[in-house]
Amino acid sequence: MLQKRSVHMAAVILTVCFLIFSACATKTVLDDTDRFGGLDEKMSGSLTAAEQAQALLPEKRIKVGFVQVGHESDWRIAATKSCMDAFAPEQGYELYFVDADNDPKVQVAAVRNFIREQADYIVIDPIVTTGWTAVLKEAYYAHIPVIILDRTIDCKERYYAAWFGSDFVREGELAGQWLQNYLNRMGRGNEQIRIVTINGTLGASAQIGRTEGFARYLERNGNWNLLAQDCGDFTESGGRQVMEEYLKRYPDIDVVVCQNDNEAFGACAAMDDAGVSYGTDGDVIVISFDATRAGLKAVLEGKIHADFECNPLSPPYAAEAIRKLEAGEELIRKNYYLPEKCFTADEDPMTLMIDFEAEKMVTVTEELLEEREY
Ligand code: GYE
């Protein structure tokens, strides 16, 4: 009974709203006619029922095709959540989301499908840098703007509207400089240092950039010995497997550089199993990238020495770019770096300096973890 009444009430309210909105819609059109003048007789009359209904339709949602790398890490999960929020229906979007599960071919096929389905915009978080030119040209000639997030691609700039992501080379340099300063602080600046790295997915710009940035410090420090660098695919299981192998081969590792937090968790688990001590009170120095909440918790617990942030919240930047393009505005910059910080458990955090830009590290606290967005 109650239900029936509320249905009835809702119908009444809707009818009232319809009448009010009809009046408004009609008025707006008539006002416009007045303002511009000169419209012929037929147009200046009141709207037909069909025209009124048309005027009442909600604005068309913007169709966005988004192809994600996969779901390999905490960072990626945060980025996907950010995408769902930024392109939610209540924000005016119709989102077509594809998780490529780390397969570049699936990504290219997804983009072709978005083009075929005439998406209004295409957003790509590319797995690898290569293989994009042909399909991006197809989108370009179909007049569908493409926005790239996170990792970069090797493709002429004219074929995409904008890129929002991280300076991966800088992240690698920051990690290298932190290690250099930390060893100096510990009085180990002249010791032979044995380093292993667990790289991210090969061919991903995040992997290429972090490797390149860190390599600059390897070159500068003749006493650093890079024992091995294998791929952990940005996953926890990958990090664990690679570290297990390293521990069998090299009994005296001083530093492990993990190219993301999940690889670091895997590496720590492998060291736990092998009875190797690590972290601020142990033997092996652990460096990581991403600075997700779980990663920073490990910093606070003293398992990870330093964590270099990579900001996964780029989807709102893409949504803002789309808003501008819809409004016919120009995008001021084609490529945009997201803000990022460096984290440590150290109560006396270092200040790093890359290209004359100072970067004061942030000390991880319980409060910081509670407020952390991802
Ligand atoms: O570091 C890692 C993720 O592309 C920057 O991909 C991203 C990387 C991030 O899986 O956790």
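These numbers were taken from a predicted model, which means no experiment stands behind them. Counting from 1, the numbers follow the sequence of the chain as shown. Start at 1 and go down the list; that is how both ligands and their atoms are numbered.
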Short list, please: which atoms of ligand 1 are under 4.0 Å from a heavy atom of F168?
5 (C)
Residue N260 vicinity, atoms of ligand 1 by number, heavy atom under 4.0 Å:
1 (O), 2 (C), 11 (O)
Just by distance, no angles: are the side chains of D261 and S288 close enough, under 3.5 Å, to form a donor-acceptor pair?
yes
Is a donor from one side chain sitting under 3.5 angstrom from an acceptor on the other, for D230 and Q241?
no
Please confirm whether R210 comes under 4.0 Å of ligand 1, counting heavy atoms of the residue only.
yes
Looking only at N/O atoms, are D150 and ligand 1 under 3.5 Å apart anywhere?
yes
Do any nitrogen or oxygen atoms of W75 lie less than 3.5 angstrom from nitrogen or oxygen atoms of ligand 1?
no
Atom 1 (O) of ligand 1 sits nearest the protein heavy atom D290 OD1, 2.5 Å
From atom 10 (O) of ligand 1, work out which of R76, H71, E72, R151 has a heavy atom at the shortest distance.
E72
Within the distance-only criterion (no hydrogens, no angle test), does the side chain of Q180 pair as donor or acceptor with the backbone N or O of G176 below 3.5 angstrom?
no
Is a salt bridge present between D125 and R76, judged by a nitrogen-to-oxygen distance below 4.0 Å?
yes
Between D99, D101, T80, which is the residue that forms a side-chain hydrogen bond (donor to acceptor under 3.5 Å, both in side chains) with Q68?
T80
